[in-house]
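See structure below.
Below, chains carry the letters A, B, ... as their sequence lines are ordered, and counting in each starts from 1.
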Amino acid sequence: KQEVTQIPAALSVPEGENLVLNCSFTDSAIYNLQWFRQDPGKGLTSLLLIQSSQREQTSGRLNASLDKSSGRSTLYIAASQPGDSATYLCAVASGTYKYIFGTGTRLKVLA
Amino acid sequence: DTEVTQTPKHLVMGMTNKKSLKCEQHMGHRAMYWYKQKAKKPPELMFVYSYEKLSINESVPSRFSPECPNSSLLNLHLHALQPEDSALYLCASSQPPLTSGRSTDTQYFGPGTRLTVL
């Protein structure tokens, strides 16, 4: 059974710092991996999707990498801003439609 | 337009009520999903429809009844719910893979319906 874990569970950093969020999964047979952000009480916003054949994806200040063999993905956020404060979730596609979400990292960027 | 809409935003219901949640997308996506999210927990997959047919039911209790009347609309009918069913219900959509055994494209989520069962 696929299990997805995110470390750290919570993170508080001053504005301007570069930071790394981690996502680990137990079964390397995945179709793709998505990173989302969720603001309190809201829906999820897709940030990046990495197909199983890819190693990384970039969008603006965000860079996500995928190492399937070790069961890891990282989300790198450059020059963090207070508007980046949210919960970040990774989701692993372990089947065509079957997404398993990680436990999430609650990020607070202090002005 | 990359928007998924959900109505209502909030719903309070008693254990004997029957209510429905509605989800709509106009991106031409042929896969639609229902997730349940409890406070401070990740979303959990409930149902998936692909081309208007139920593809996945994650052993959800029968008091939750999904329906996909057309390619743009997804409903979740609720009946005889329990207080522990109180949660944020999220709808999502994506484009199915062109060939079997491949992954879907990006999932787009709606804002959710906050359900409280008294």
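The aromatic ring centres of B:Tyr35 and A:Tyr99 sit 6.0 Å or more apart.
By the 6.0 Å contact criterion, CD on B:Glu67 is enclosed, its count of non-hydrogen atoms from other residues, nucleotides or ligands being greater than 12. In A:Arg72, the CZ atom is not crowded: 12 or fewer heavy atoms of neighbouring residues, nucleotides or ligands sit closer than 6.0 Å. Within 6.0 Å of atom NZ in B:Lys18, 12 or fewer heavy atoms from other residues, nucleotides or ligands are found, so the atom counts as exposed in its surroundings.
There is a path of hydrophobic side-chain contacts, each under 4.5 Å, that joins B:Leu54 to B:Tyr89. The hydrophobic clustering, which links ILVMFWY residues whose side-chain heavy atoms are closer than 4.5 Å, places A:Leu66 and A:Leu49 apart. A:Tyr76 and A:Leu33 sit in two unconnected hydrophobic clusters of ILVMFWY residues. Membership requires side-chain heavy atoms under 4.5 Å apart, directly or through other members. B:Leu76 and B:Met13 fall within a single hydrophobic cluster, where Ile, Leu, Val, Met, Phe, Trp and Tyr are joined by side-chain heavy atoms under 4.5 Å apart, directly or via other members. Under the 4.5 Å side-chain heavy-atom criterion for ILVMFWY residues, no single connected hydrophobic cluster contains both A:Val20 and A:Trp35.
Closest approach of B:Leu88 to A:Lys42, counting heavy atoms only: CD2-O, 3.9 Å. Taking all atoms of both residues into account, the shortest heavy-atom contact from A:Tyr97 to B:Leu45 is O-CD2, 4.0 Å. Of all heavy-atom pairs spanning B:Pro42 and A:Phe101, the tightest one is CB-CB, 3.7 Å. What you find for B:Gln107 and A:Ser46 is that their closest heavy atoms are O-CB, 3.8 Å.
Highest contact tally toward chain A, considering only B:Ala39, B:Ala92, B:Gly112, B:Ser50, is held by B:Ser50 [criterion: heavy-atom pairs under 4.5 Å].
With a threshold of 4.5 angstrom between heavy atoms, B:Glu44 does not approach chain A through any atom at all. Proximity to chain B is absent for every atom of A:Gln6, based on heavy atoms less than 4.5 angstrom apart. Of the atoms belonging to A:Leu89, it is side-chain heavy atoms, and not backbone ones, that fall under 4.5 Å from chain B.
Remark: B:Tyr108 OH to A:Thr45 OG1 distance equals 11.0 Å, nearest 0.5 Å. Atoms NZ and CD, on A:Lys98 and B:Glu58 in that order, are 3.5 Å from each other to the nearest 0.5 Å.
A:Thr96 is not listed as a side-chain neighbour of B:Ser55, based on a closest heavy-atom distance of 4.5 Å or more.
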